[in-house]
Amino acid sequence: MTIPTISIRNLHKSFADNEVLKGIDLEAHQGDVISILGASGSGKSTLLRCVNLLETPTSGHILINGELIKMKDDKKHGPMPVSIKQVERIRSRLAMVFQGFNLWSHLSVIENVIEAPIHVLGVPRKEAIVKAEALLERVGLFNRKDYYPGQLSGGQKQRVAIARALAVEPEVMLFDEPTSALDPELVGDVLSVMRDLAEEGRTMLVVTHEMAFARDVSSKVIFLHEGLVEEEGKPELIFENPTSERFKKFISTVY
Amino acid sequence: MFDLYGYQDIFLKGAWLTLQVALLSLILAVALGLLAALAKLSHSKILTSIATIYTTVIRGIPDLILMLIIFFGGQVLINNMSYGFNEWINEVLTGYYPNHEWTSYLPDYIDISPYLAGIITIGFIFGAYMAETFRGAILSVSKGQLEAATAYGMNKYKRFFRIMFPQMMRHALPGLGNNWLVLLKTTALVSIIGLQDMVKIAGDASGSTQKPFTFYLVVALVFLFYTSVSTAFLKWAEHKYSIRTR
């Protein structure tokens, strides 16, 4: 057995009195593309944001490549990581693509892509630029490299965001509803880039509403309902023969 | 153009001194303003209260009164503290060594220079105004910008200096520029605590030459020159940053 790239055990997360995640287990091995589905409020974004500790879990364990993120229960601040250094190091190996893009608006396209490699990973500037240019070429935006995010369309921004994510050579890519903020005609470009990434064997966790992507591209689908995994399995199985009534209803309404 | 009756050189010196006081006060004000803004936005109740008291008190008292209080009051305070320290240490030493002779370990009288007092006072006053400007600017940077920095593993210093600071500055520039113009003009007040800035020199010169209109007109023109150059620079800076704006 290989060590799972991501292993989440009995994860709980509450916001004040509201328990959003009620004990989630999840394992992702190298090359897995896991789509996380669920109605809004089901906790799917929160789950993804717990993986890189943008949200601090209330309890449970997260292991990245077998390395446990050490947590403690602080008297004053509640649960928090033991070492922020460890968290920062782990974050630098996980790349996130956000629903709202979150490109750094004061930096040009190419500067956005080289920022983390240079200033977090310590890659020499020249090397970072060469690689960034290749990545922008790949997402079809090399000719926009000196533009600022404000001058791009949503679809272009999200493709730059994907290039920024690839630039850190992440072990896992976390996608938080990457196409939800896009106009329908721009969704296709972004999805096709993501499809390519899946095919080349990248490990991806994708929170999405795109049923076609979940069904055709992912190696596993997880359906969350009120903070628990309601249904999971290979997409060809669970889309054909859903065991949960809720999931059956969910796919029939979304389609 | 203007006949300054032999006061040209000393007047020029005064004009340069005014600029120095303004620029050094600005640096102090920006530093204090940033600290106060961060304190106001921090989760610490103590820091928030200190910053709130600072901005409320300073902004609620006329600049002139503050300057007199800090200059004269500060002088008295420092000398009392210095004298009190000497008293205390000598008493203690006499307790241990009865033969000890009274010595001033700190100077009994410390004279604050009007130059330093002026810079500290103006920096202190405008720090409070800058705090509000910076606080607004920090709040106008969207949360997602910092979240992305966090997600890519930046530590809190990199998040601040590489992402927050450059982004907040473009929101802060208009307010910062406005504060700078007011600060520059406020330096005229340091003449009342005896600093030989151009306002003080103009006052002295008009007293002895009986030409107040000439001298004060020149002072006005120099201020106008400083502020015009500043305005042009600020316009350029705002334009430079706005290209990137969204």
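Numbered from 1 within each chain, the chains take letters A, B, ... in sequence-line order.
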Can you tell me which portion of [X] sits under 4.5 Å from chain B's heavy atoms? Options are side chain, backbone, both or neither.
{"X": "A:A165", "value": "both"}
{"X": "A:L94", "value": "backbone"}
{"X": "A:R164", "value": "both"}
{"X": "A:A95", "value": "both"}

Quick check: are there more than 12 heavy atoms from other residues, nucleotides or ligands sitting under 6.0 Å from [atom1] of [X]?
{"X": "B:Y83", "atom1": "OH", "result": "no"}
{"X": "B:Y157", "atom1": "OH", "result": "no"}
{"X": "A:Y147", "atom1": "OH", "result": "no"}
{"X": "A:H12", "atom1": "NE2", "result": "yes"}
{"X": "B:E91", "atom1": "CD", "result": "no"}
{"X": "B:Y105", "atom1": "OH", "result": "yes"}
{"X": "B:K13", "atom1": "NZ", "result": "no"}
{"X": "B:R59", "atom1": "CZ", "result": "yes"}

Flag, side chain of A:N52 to backbone of B:A151, donor-acceptor distance under 3.5 Å: no

Using a 3.5 Å distance criterion without hydrogens, assess whether the side chain of B:Q145 forms a donor-acceptor pair with backbone atoms of A:L103. yes

What option among A:R89, A:R49, A:M96, A:E88 has the most heavy-atom pairs under 4.5 Å with chain B? A:E88

Residue pair A:H119 / B:R162, side-chain donor-acceptor N/O under 3.5 Å: yes

A side-chain contact here means heavy atoms from C-beta on lying under 4.5 Å apart; do A:E115 and B:Y152 qualify? no

Out of B:P166, B:A148, B:A149, return the one with the most heavy atom pairs under 4.5 angstrom to chain A. B:A148

On a heavy-atom basis, which atom in B:E147 and which in A:L54 lie closest, and how many Å separate them? CG-CD1, 3.7 Å

In short, A:V120 meets B:M154 closest at the heavy-atom pair CG2-CG, 3.7 Å

